[in-house]
Amino acid sequence: MCLNHFARAERLDVLRDLLTDDTSLTTHVVREELRAGVQEHPLLRTVLDTDWLGLARLDSFDEIRCFAKWTQRIGCSERDWGEASVFAAADLFHAVAITDDREAVAVGRAYGLEVHGTVWLLARACSKGKLNEVAAGNIVDALRATGMRLPCSGSTFGSYVRRNIGSCRCVPVWKTTP
Amino acid sequence: MCDYRTMKEPEEWADIGERVRECRLAAEMSQEQLAAALRLDRTMIAKIERGVRRVDALELAKLSSVFKVPLTYFLSSSPQVVSRRTELADDTLTDAARQSYHLEVALTTWLADIRQLIGMGRFHPRTIERYPDVIQDASGARRAAHWVREHLGLGPGPIDSLMSVCERLGQLVAVVEAPGDGASLIEGDLAVAVVSRRGDPGRRRATAAHELGHLIVGDEYSTDIGVHVSRDDREAVIDAFAAELLLPAEAFRATSRPGGMMRREDLVILAARFRTSWSLTVRQAVDAGAVEGSAAKEMRRRNPTRAELMEAVGWAPQPDLETIRVPPGYAHAVVECYKESLITASRAVELMRGQVVAADLPLRDDADIEL
């Protein structure tokens with residue numbers, strides 16, 4: 001779900017670099033949401049043009065049942081479809097869901113799903129040596145400038161991570177199981 | 001891009017297609033109109049309805065949005081009772097059939113939501129209770145209404161919350177936005193009913209009592225799903241139960257004038273206190289011998305105004321089946337699930353069917369959640 005803000009902050013290439021070791025997917029539902037926003041934010045088109053982001057269409061019967069199951073937890077209205085589709089994909093592919101909606105994170109985790117936010121993603125990159133704390137802080141500020149709600153600012157990124165996340169585990173994001 | 005997808009689960013897709021077709025007919029939409037709403041070609045809609053083209057998650061979500069039915073509705077099988085109804089067909093579709101279909105959707109959805117909360121381990125509905133004797137006529141139905149009042153210790157006065165009475169007897173009632181009056185069914189160990197929010201409060205209470213009658217009176221009636229507009233013999237028995245439950249004949253005897261018949265203003269007070277519709281009040285008055293037939297005919301022509309009814313109860317608020325949309329036990333379960341983060345606020349509001357908005361929900365401390 002952070003795709004929107006990485007694109008609008010013109011940092012989609014950074015996100016790609018952070019995820020080079022992982023199989024990354026988004027869902028058809030999220031993709032179409034982004035497409036609908038292109039007129040207001042033309043930079044969103046860059047997400048549609050990426051070749052490193054796989055697509056979970058969720059079109060088999062089991063997949064749409066899983067999607068329906070998550071709408072029963074997240075909500076059935078249009079604003080809930082994207083989150084529900086991401087959780088369904090993570091559920092089906094035993095992957096890690098990335099969202100910055102605190103409530104959705106709590107609900108996903110209540111059902112045993114591994115769910116994290118953008119700050120976790122950046123902290124993980126730091127612990128893997130892909131990013132230093134200053135660079136991560138700059139990304140945080142760039143994302144916040146697009147209106148993204150994050151739990152820390154660029155200058156407090158390091159202390160926030162040490163206080164709340166500790167040393168990051170190296171868990172692949174959107175990595176499908178072998 | 002080719003939009004045609006190969007089939008692997010033909011039966012399931014055929015079922016989804018049939019539901020799409022029924023929803024479209026009930027919504028009075030042509031295939032062209034639906035295609036335009038989904039930005040698909042009309043031939044795609046035809047294929048979806050025939051079950052020869054898959055739909056993906058987004059298309060299904062859009063269908064649920066267009067038809068205003070939950071996404072799960074397309075995937076769940078109909079309760080057995082519902083599946084016995086007359087099929088919707090293009091050439092025989094009537095308003096009554098459409099209305100009946102909307103009520104069935106509301107009923108099926110209500111049942112699914114209850115089962116979701118039970119599945120989460122936070123809701124434990126009461127066991128269904130039934131009148132122990134066989135009911136064959138209206139007088140037997142009235143005895144059953146007395147049994148309900150006695151069994152639950154309600155006394156002879158007005159029933160404050162019919163929603164709670166139904167819940168205590170094992171029937172879970174929801175007030176829904178669908179047109180019509182109401183519908184009910186029993187599936188396994190669950191008895192559920194829906195009552196349309198449209199119509200005045202007295203009518204809503206009469207409908208809820210009527211649907212409770214289907215449960216209390218017995219199995220043979222519970223299969224009679226649909227809009228209960230037909231006044232055949234069986235429905236008349238159920239109506240006698242509902243009327244006696246809401247406004248017992250004893251209430252007329254307790255308030256009648258010495259040696260005389262009751263006047264319109266007396267009935268207005270009873271209708272306001274017992275929150276019954278005017279037609280039910282007058283009918284019960286005739287049955288109780290408190291009003292003569294000719295006077296009743298005249299009274300039926302003069303429905304009391306809202307001010308008359310409110311004046312009769314000192315302008316006290318009458319919340320049943322208006323602000324209260326779901327049973328108390330169910331509402332508690334929804335809040336528990338919300339507090340434990342098993343559902344979002346958005347979903348909690350949906351499950352409560354308009355009884356609360358997100359701002360009404362308790363504060364949940366998710367500020368400490370590590371992102």
Considering all heavy atoms, the nearest [X]-[Y] contact:
X: Arg124(A); Y: Ser127(A); answer: O-OG, 2.9 Å
X: Ala7(A); Y: Leu12(A); answer: N-CD1, 4.1 Å
X: Tyr160(A); Y: Cys152(A); answer: CB-CB, 3.7 Å

Are there more than 12 heavy atoms of other residues, nucleotides or ligands under 6.0 Å from atom [atom1] of [X]?
X: Arg198(B); atom1: CZ; value: yes
X: Glu78(A); atom1: CD; value: no
X: Arg144(A); atom1: CZ; value: yes

Hey, which of Leu150(A), Val107(A), Leu58(A) has the most heavy atom pairs under 4.5 Å with chain B?
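The residue among Leu150(A), Val107(A), Leu58(A) with the greatest pair count is Val107(A).
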
Among Ala110(A), Cys76(A), Ala84(A), Pro151(A), residue most engaged with chain B (heavy-atom pairs, under 4.5 Å):
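Among the listed options, the one with the most contacts to chain B is Cys76(A).
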
Looking only at the side chains, is there a donor atom on one of Thr99(A) and Glu83(A) sitting less than 3.5 Å from an acceptor on the other?
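On atom types as modelled, these side chains qualify, holding a pair under 3.5 Å.
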
Options Ser64(B), Pro70(B), Ser65(B), Ala345(B), ranked by heavy-atom pairs under 4.5 Å with chain A, top entry:
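Max contact count across the listed options: Ala345(B).
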
Flag the one option from Thr72(B), Thr344(B), Leu58(B), Ile343(B) with the top tally of heavy-atom pairs under 4.5 Å to chain A.
Thr344(B)

Where does [X] contact chain A at under 4.5 Å (heavy atoms): side chain, backbone, both or neither?
X: Ile16(B); answer: side chain
X: Ala348(B); answer: neither
X: Leu342(B); answer: both

Please list all pairs passing the salt bridge (Lys or Arg N to Asp or Glu O under 4.0 Å) test where one or both residues lie in residues 326-339 of chain B, with sequence neighbours left out.
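Matches after skipping sequence neighbours: Glu336(B)-Lys339(B).
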
Identify which part of Gln72(A) has an atom lying under 4.5 Å from any heavy atom of chain B, answering side chain, backbone, both or neither.
both

Look at the aromatic rings of Tyr101(B) and Tyr73(B) and report parallel, tilted or perpendicular, splitting at 30° and 60°.
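Plane angle over 60°, so perpendicular.
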
Heavy-atom distance under 4.5 Å between the side chains of Ser346(B) and Arg79(A), does that happen here?
yes

Give the interface residues of residues 34-50 of chain A toward chain B, defined by a heavy-atom separation under 4.5 Å.
none

